[in-house]
Protein chains: 2
Amino acid sequence: MAQIRDVSKLAGVSPATVSRAFSDPGKLSAETLKKVLAAAEELNYKPSSLAQLFRVKRTNTVLVMVPDIANVLFARVVSGIERIAADNGYNLLVIDTKDNKDVEAAGIEMVETYRADGVIQLGERALRWLHRDAEKCTIPFVHAIGTGLDESYPTVTINNQAAAESMANYLLSLGHRKIGVLAGIKGRLVTQHRLEGFRAAMNAFGVTLDEGLVEYGAYSLAGGAQSAQRLLSRRRDATALLAMSDEIAIGAIRTAQDLGLRLPEDLSITGFDNIEFGKYCEPPLTTVMQPAERIGEVAMTLMCGVLRNELKGETHPLLPTELVIRNSVCRVVKPA
Amino acid sequence: MAQIRDVSKLAGVSPATVSRAFSDPGKLSAETLKKVLAAAEELNYKPSSLAQLFRVKRTNTVLVMVPDIANVLFARVVSGIERIAADNGYNLLVIDTKDNKDVEAAGIEMVETYRADGVIQLGERALRWLHRDAEKCTIPFVHAIGTGLDESYPTVTINNQAAAESMANYLLSLGHRKIGVLAGIKGRLVTQHRLEGFRAAMNAFGVTLDEGLVEYGAYSLAGGAQSAQRLLSRRRDATALLAMSDEIAIGAIRTAQDLGLRLPEDLSITGFDNIEFGKYCEPPLTTVMQPAERIGEVAMTLMCGVLRNELKGETHPLLPTELVIRNSVCRVVKPA
DNA sequence: TCCTGTTATGTAAACGGTTTCATTGCAAGT
DNA sequence: ACTTGCAATGAAACCGTTTACATAACAGGA
């Protein structure tokens, strides 16, 4: 591959001039510029990114840490991040953490060793705190799809509690009182917040959440199917099930159908996230929309801000959610 | 951040020794090593990747070009790639091409300018041919989920034609003769190959594929729903629909149900890929399994091979597919 | 005419490691 | 005792850019 020196020789100028021809063409006289560009073209010269980046000590790369890239919700967030990154000339390094603390910690190291300029983390844990000296950790960091609104680093998420509350309210307004919960992973903050939302809504209606009707499990299709299995084999008195993700809900629908229940007549089921598949279920899933791509876009926009040291505006945006009503819920039939 | 020079001073050795302490500890005497490591620890020194990579002219990074990262199938492939990459110390740069030729071409440039050591491309087009001088293009390249088995670069995919054939055979063996096809994007090689598979199977049964029963569309839920809509509003004589992806199939199921058809009695529908959601549909989707994660793993393994110049074994593996039979298909009822 | 300021370009020093080659010390072989 | 070879380390060149600083040419103002 041709180097800057080759080009400079061919064009009869100094390497500095060639460099300027690419980085700041306005500084050169028209004829010099033309000469240089022609020489570069002839030699098919392209500046070595490696050398450039090394020189300026920036990578123009941001690291994205995803708990599971194969998960539809996360994949959509990444898609949003990617769009904004591309628009701003950043590249995306993607790491699938599989929820493993060690690989998360490695993420920090990547910016300390100049492999990435900053990191966007998706999901529960904020790896920043894994740093040996967390208080002083200054690496550019953005956290999305998590919680931690009070943190010092930017954060983009939704109001999980409020969203959960609105979903529960909807069910309550249709007369449901015996409501089961297909929760996500126990101990996760998202899980807790959504549960609090459910509980708050019920309390407002004067009903208390029956702890015997909540089942925890993975945020996945299989997890939902299993949770529903456990719940339904133990109790059959619930008229509705609040699932903490669409995947959980869809898994539960499968189980309910296998059990011979008619949906939604015998059992109403709701989801959370509004992934595309929910629309195509049978029955189509009533859920609450979480703007995944948008979350990714906003997260990357914030990252651009911190990298340019010109963060402005809200640094802890709560993106709007929305109840999307389809057919997996019906009014509870009053036993005469 | 501490530099190698700082460490060397503190440890009272030369920078070269420090360098060796990290890259080839065996070369040092035990006590020197200890001294150096202690100094490095004290200063919290970590070698700058940027400087290292620049010096050795490798990035330890491979670029993955995905047509759509939010697509479940591709996301799973990426997941497989990631696993192997991590095992081998490679990082993954991910670009969502959105099927855009320009960004694909930019991919090549990234390895030419030393931002990545090689590129794995997913999907239809092999960007390698976008290179200004394709014949001579020598960048490390692997193509997955595509076709082009006869190419000079490694390729990992399935036998689309055979897989499609087996699916069609299954339908035919259950008595179906009027079979519609919900094809993917017209002109795509995958689409053509699968169509050929369908056609071959039918010919073997002495039935010819009715061109009036094939509908093209996007490889997506919405695409499937629309194609089914068009097909079903035009012709109602098909007893079964062969969809070219699970998403298309699931979209079609929705449409069929909205039209009041009973599945599978009134209409059998089959998918392709075996994404997880297919198992949770109503009715659960009969499909042909494509080992997505495995494809990713194999692709990355091949990439490791070419990067180390020790490619061995099959460079055009065809991974095995498998018919997975669920309940979206039934034997055709003979009109008396 | 001389001084000053501006513009276009060149010179050379970084950037932070790795690696080749040279040097030293010491053990083993003759 | 003298050579030989190996192991451990150091000195310095090098990777391919960018950029601070120096220089030269030239225009405009006093």
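To find a chain, count down the sequence lines: A is the first, B the second, and so on, and within it residues start at 1. Model, not experiment: these values are computed from the prediction.
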> Report yes if at least one side-chain N or O of S29(B) is closer than 4.0 Å to OP1 or OP2 of dA7(D); otherwise report no.
no
> Could you please name the option among dA8(D), dG16(C), dA11(D) that lies closest to any side-chain atom of T32(B)?
dA8(D)
> Kindly state whether the ring of Y45(A) and the ring of F22(A) have centres lying under 6.0 angstrom apart.
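Between F22(A) and Y45(A), which both carry aromatic rings, the centre distance is below 6.0 Å.
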> From CG of L50(A) over to C1' of dT18(C), roughly how many Å is that when rounded to an integer?
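After rounding, the reported distance stands at 14 Å.
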> Return yes when atom CD of E310(A) has more than 12 non-hydrogen atoms of other residues, nucleotides or ligands closer than 6.0 Å, and no otherwise.
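Yes, enclosed.
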> Quickly work out the F54(A) CZ to dG16(D) C1' distance and round it to whole Å.
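To the nearest whole Å, that distance equals 9 Å.
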> Specify the separation, in whole Å, of atom CG of L53(B) and atom C1' of dG17(C).
10 Å
> Can you tell me which nucleotide in dA8(D), dG10(D), dT17(D) comes closest to the side chain of A16(B)?
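The answer is dG10(D), which lies nearest to the side chain.
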> Parallel, tilted or perpendicular for F54(A) and F54(B), by the 30°/60° rule?
parallel
> Closer than 4.0 Å, any side-chain N/O of Q52(B) to the OP1 or OP2 of dG17(C)?
no
> Verify the neighbour count for atom NZ of K9(A): are there more than 12 heavy atoms of other residues, nucleotides or ligands below 6.0 Å?
no
> In whole angstrom, what separates K46(A)'s NZ from dG16(D)'s P?
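So the two atoms are 16 Å apart, to the nearest Å.
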> Mapping P47(A) and T17(B) to their closest nucleotides on DNA chain D, which lands nearer the 5' end?
T17(B)
> Is there a side-chain contact between S48(A) and the phosphate of dG16(D), meaning an N or O under 4.0 Å from OP1 or OP2?
no
> Which whole-number value in Å describes the distance from L33(B) CG to dT9(D) P?
9 Å
> Using a heavy-atom cut-off of 4.0 Å across all strands, would you classify Y45(A) as base, sugar-phosphate, or nothing?
sugar-phosphate
> Any base atoms under 4.0 Å from V18(B), or only sugar-phosphate, or nothing? Heavy atoms, all strands.
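Nothing: the residue V18(B), judged by heavy atoms under 4.0 Å, touches no strand.
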> Does the dG16(D) base have a donor-acceptor partner in the side chain of R55(B) within less than 3.5 Å?
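Such a pair does not exist between side chain and base.
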> Whole Å only: how far is the NZ atom of K57(A) from the P atom of dA14(C)?
14 Å
> Is the backbone N or O of T97(A) less than 3.5 Å from a side-chain atom of N100(A), with the two atoms forming a donor-acceptor pair by type?
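No; judged by distance alone, with no hydrogens or angles, the pair does not exist.
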> Figure out the CG/C1' separation between L28(B) and dT9(D), and round it to whole Å.
8 Å
> How long is the line joining CZ of R20(A) and P of dA20(D), in whole Å?
11 Å
